[in-house]
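All remarks here apply to the structure that follows.
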Amino acid sequence: MNSNIKKLVIFDFDGVLVNTLNFSFAIHKNLNNDLTWEKFQDFSNGNFHDGIGKAMKEESYTIPNNWDELYDSNIKKLTISDVLNNSIKFLSQTNHLVVVSSSGSNSIANFLVKEKVREYFEDILGADVSRSKIVKINYVLEKYKIKPTDAVFITDSLGDILEGNKCGILSIGVTWGTHSRETLSKGNPVAIIDDPRDLVNIIVDVLK
């Protein structure tokens, strides 16, 4: 294949590009006293919104009405690591970069603007676009005319890997977010990495 043809790198956001998990868990636990970290992790064994929705229906689980406001006020305090910042800039030279996330598109965009990396992402598809990552992944594959074999999904959760599998794309699991190496391996990702410094080389190798 012509090496000049851009391929597609899809980034999950929460737990991959920035660690929003601590404050997200704290917000959820504030309204659900019996919530454990393990149960919070379990919401991401499949589609996160489906997991939350099931708990709300079956267990009287509660989420704050002002979630977006709380999310935005907390994420302003965070930053992208220099390693990931540099990785984004490098990868954008030869690939289409997009974000596919369970969070809101505007919240993500505003954060990336603050971090001075918004320009490197061609699309941001949050929960306001669709709660299904299958829908969003298939959309960007079609938009950029990319074969599934020329795309890779970077994520921290088993549920994301499983949704990526249904789209025929390979996934790289990262262990600095929601799920452990053991949990991520259940989705058969092409690789699992523990150190962000390994990310670029693994992506380049997968997409070669």
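Linking Ile, Leu, Val, Met, Phe, Trp and Tyr residues whenever their side-chain heavy atoms come within less than 4.5 Å places V152 and F13 in a single cluster. Hydrophobic clustering places F90 together with I193 (ILVMFWY residues linked when any side-chain heavy atoms are closer than 4.5 Å, directly or through intermediates). There is a path of hydrophobic side-chain contacts, each under 4.5 Å, that joins L91 to I80. Linking Ile, Leu, Val, Met, Phe, Trp and Tyr residues whenever their side-chain heavy atoms come within less than 4.5 Å places V99 and L97 in a single cluster. Hydrophobic clustering (side-chain heavy atoms under 4.5 Å, transitive across Ile, Leu, Val, Met, Phe, Trp, Tyr) groups W176 together with V9.
In this structure, S92 and Y120 approach most closely via the heavy-atom pair OG-CD2, 3.3 Å. Minimum heavy-atom separation, N47 to E163: ND2-OE2, 3.3 Å. In plain terms, the two heavy atoms of Q41 and T178 that are nearest each other are NE2-O, 2.8 Å. Nearest heavy atom pair, residue L78 against residue F111, reads O-CE1, 3.4 Å. A pairwise comparison of heavy atoms in V135 and S130 identifies CB-OG, 3.7 Å as the closest pair. S105 and V129 make their closest contact through OG-CG2, 3.9 Å (heavy atoms, listed as atom of the first residue, atom of the second, distance).
Judged by distance alone, with hydrogens and angles left aside, the side-chain atoms of H96 form no donor-acceptor pair with the main-chain N or O of E122 at under 3.5 Å. Using a distance-only test at 3.5 Å, with no hydrogens or angles considered, no donor-acceptor pair links the side chain of N32 to the main chain of L35. Judged purely by atom type and a 3.5 angstrom limit, D156 has no side-chain atom pairing as donor or acceptor with the backbone of V174. Looking at N86, its side chain does come within 3.5 Å of a backbone N or O of D82 through a donor-acceptor pair. K54 contributes no side-chain N or O that, together with a main-chain N or O of F43, makes up a donor-acceptor pair within less than 3.5 Å. Put simply, the side chain of N165 gets close to the backbone of G187: a donor and an acceptor are under 3.5 Å apart.
Looking at heavy atoms from C-beta onward, I124 lies in side-chain contact with L112 at the 4.5 angstrom threshold. A 4.5 Å side-chain heavy-atom check between L199 and F11 finds at least one atom pair inside the cut-off. The shortest side-chain heavy-atom distance between I88 and F121 falls under the 4.5 Å cut-off. With contacts defined as side-chain heavy-atom distances shorter than 4.5 Å, the pair W67/H28 qualifies. Residues V117 and L17 fail the side-chain proximity criterion, which asks for heavy atoms closer than 4.5 Å. The shortest side-chain heavy-atom distance between I172 and V190 falls under the 4.5 Å cut-off. With contacts defined as side-chain heavy-atom distances shorter than 4.5 Å, the pair I27/P64 qualifies. L207 is not listed as a side-chain neighbour of T94, based on a closest heavy-atom distance of 4.5 Å or more.
For CD of E58, the number of neighbouring non-hydrogen atoms (other residues, nucleotides, ligands) closer than 6.0 Å is greater than 12. The neighbour count for E142 CD, taken as heavy atoms of other residues, nucleotides or ligands under 6.0 Å away, does not exceed 12.
The salt bridge (charged side-chain N to carboxylate O under 4.0 Å, His left out) contacts involving residues 187-208 comprise R181-D194, D195-R197, D205-K208, where partners must be two or more places apart or lie in separate chains. Among residue pairs with one or both ends in residues 128-137, those qualifying as salt bridge (charged side-chain N to carboxylate O under 4.0 Å, His left out) are D12-K133, K133-D160; sequence neighbours excluded.
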Trace of the side-chain contact (heavy atoms from CB on, under 4.5 Å) decision for V16 with L84: CA-CA 9 Å; V16 175; L84 289 173; over 6 Å; no
Go through the steps for F48 and S101 under the test side-chain contact (heavy atoms from CB on, under 4.5 Å), then give the verdict. CA-CA 10 Å; F48 178 77; S101 174; over 6 Å; no
Are H179 and K186 close enough, and set up right, to give a side-chain contact (heavy atoms from CB on, under 4.5 Å), and what steps lead you there? CA-CA 11 Å; H179 282 150; K186 295 176 183 178; over 6 Å; no
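Taken to the nearest 0.5 Å, the NZ atom of K89 stands 9.5 Å off from the NZ atom of K116. For the atom pair CG of D14 and CD1 of I108, the computed distance is 6.5 Å after rounding to the nearest 0.5 Å.
A side-chain donor from one of D123 and Y144 sits under 3.5 Å from a side-chain acceptor of the other. Inspection of the E115 and N85 side chains reveals no N or O donor paired with an N or O acceptor under 3.5 Å.
Aromatic ring pairs are classed by plane angle as parallel below 30°, tilted from 30° to 60° and perpendicular above 60°; the pair W37 and F40 is tilted.
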